[in-house]
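Let me begin by presenting the structure, written as structure tokens, before commenting on it.
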Amino acid sequence: MVPGRVVRVDRGGCRLITDRGPVRVEHADTPAGVVRPDDPTAPPCPGDWAVLAPLPDGRWRLHALLPRRTVLLRSGAGRRSGAQALAANVDRVVVAVSLHAEPVPARTERLVSLAWAAGAQPVVVLTKADLAPEPAQSVTDTATVVPGAPVLAVSTRTGDGLPALADLLAEATSVVVGPSGAGKSTLVNALLGREEQRVSRIREADGRGRHTTTSRDLLPLPDGGVLIDTPGIRGVGVWGAREGIRRTFADVEEHAEGCRFTDCSHTAEPGCAVLDAVERGELSGRRLDGYRKLLREEAWEASRTDARLRAGRRREFRQRHRVMEENLTRKYGLGGRTDRR
Ligand SMILES: Nc1nc2c(ncn2[C@@H]2O[C@H](COP(=O)(O)OP(=O)(O)O)[C@@H](O)[C@H]2O)c(=O)[nH]1
Ligand SMILES: [Mg+2]
Ligand SMILES: [Zn+2]
């Protein structure tokens, strides 16, 4: 058997890099349930480490996926399992925010929360710095909403900020996220030093892009390390990111330690240190609002997902029960439900 790393997953299978070169594995060749012992339903995703076993005809099958050290999850309404793995074993999550227009702090806070929740270090990259009147000011403003995360302004047109970013990503596994049109693929190409990813033409009117990047690919960087490009993620949920949200809002959490009640909701309670901080101008009302909104959204999504999972389990139980009853009927000729079919 040989170790490999998943670089790309599509409907029929996945591609991996091994020390013997690239290998293609068909999903059909992988028996269900053997791949990941901790969660047999989770399909492979870019960044996964795998054990490959040879088949007699020279092809390969997945023998096992190793437990994920970190994983960037994307949740959203309608996903039955609650969340989909976007990238596994990532050290850094690059959150791309375009300076083509004034950045929306709430959008950055959301993606940075997901990055912390993944177990990775978020790095906020303000792209298209050549289009911003004062990129340094944008860096300062953004830094206040993402404590603990480095913020860099980068332009692929002028090359500004690229060496600093390359340094941050060297020797690590990184994934680039952000809305489409943010300049993710252009950034990936600049870091790779070649035109690997297709770049979209944005609509000049609103600076939005189309989804040109349709798959997630793990690409080796020239200075060591690997980079995973992703299609745009805009309306991504925060299910399961509760701790990530609290980390993103470390400043709010710090003030909250002074609240009289430990379960203070920071809305109208007496002795609320967070509201006091807003009053004194030490914390922006917008920031407190964003904190409460994301936590509320997470709680709501979690309750919906739990309900869906519970419903799924009930269905599965009923079905198993029916099969059991049919077996009993066949075996012992017990009358009952099967007669009524
Ligand atoms: N002015 C300027 N435009 C950029 C820069 N980086 C990317 N773009 C443009 O932004 C558009 C979207 O880029 P793309 O990389 O496809 O975005 P993605 O959807 O996030 O992958 C393209 O038209 C790029 O040429 C930059 O640093 N400066
Ligand atoms: Mg792209
Ligand atoms: Zn409070």
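All values derive from a computational prediction rather than experimental measurement. Just follow the structure's listing: the first ligand is 1, and inside any ligand the first atom is 1.
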Would you find a donor on one side and an acceptor on the other, under 3.5 Å apart, between the side chain of Gln121 and the backbone of Gly148? yes

Here the pair of heavy atoms bringing Cys259 nearest to Ala273 is SG-N, 3.4 Å

Between [Y] and [X], is there a side-chain donor-acceptor contact under 3.5 Å, judged purely by atom types and distance?
X	Y	value
Thr186	Thr156	no
Ser265	Glu269	yes
Asn89	Thr173	no
Tyr291	Glu253	yes

Check ion pair Arg107-Glu109 (N to O, under 4.0 angstrom): no

Does any N or O atom in Gly183 lie less than 3.5 angstrom from one in ligand 1, N or O only? yes

Nitrogen or oxygen atoms of Gly181 and ligand 1 under 3.5 Å apart: yes

For [X], the ligand 1 atoms whose distance to one of its heavy atoms is below 4.0 Å:
X	result
Thr156	5 (C), 6 (N), 26 (C), 27 (O)
Ala182	17 (O), 20 (O)
Ser155	27 (O)
Ser180	19 (O)
Leu131	1 (N)

Leaving waters out, which protein N, O or S atoms fall under 2.8 Å from the Zn ion (ligand 3)? Cys259 SG, Cys264 SG, His266 ND1, Cys272 SG

2.8 Å cut-off met by an N, O or S atom of Ser185 to the Mg ion (ligand 2): yes

Shared ILVMFWY cluster between Val71 and Val176, side chains joined below 4.5 angstrom? no

Test of understanding: clusters of I, L, V, M, F, W, Y form through side-chain heavy atoms closer than 4.5 Å, transitively. Do Val95 and Leu73 belong to the same one? no

Please list, chain by chain and in numerical order, all residues satisfying side chain to side chain contact (heavy atoms under 4.5 Å, CB included) with Arg280, sequence neighbours excluded. Asp276, Ala277, Glu282

Candidates Thr186, Asp130, Val177; heavy atom nearest atom 15 (O) of ligand 1 found on Thr186

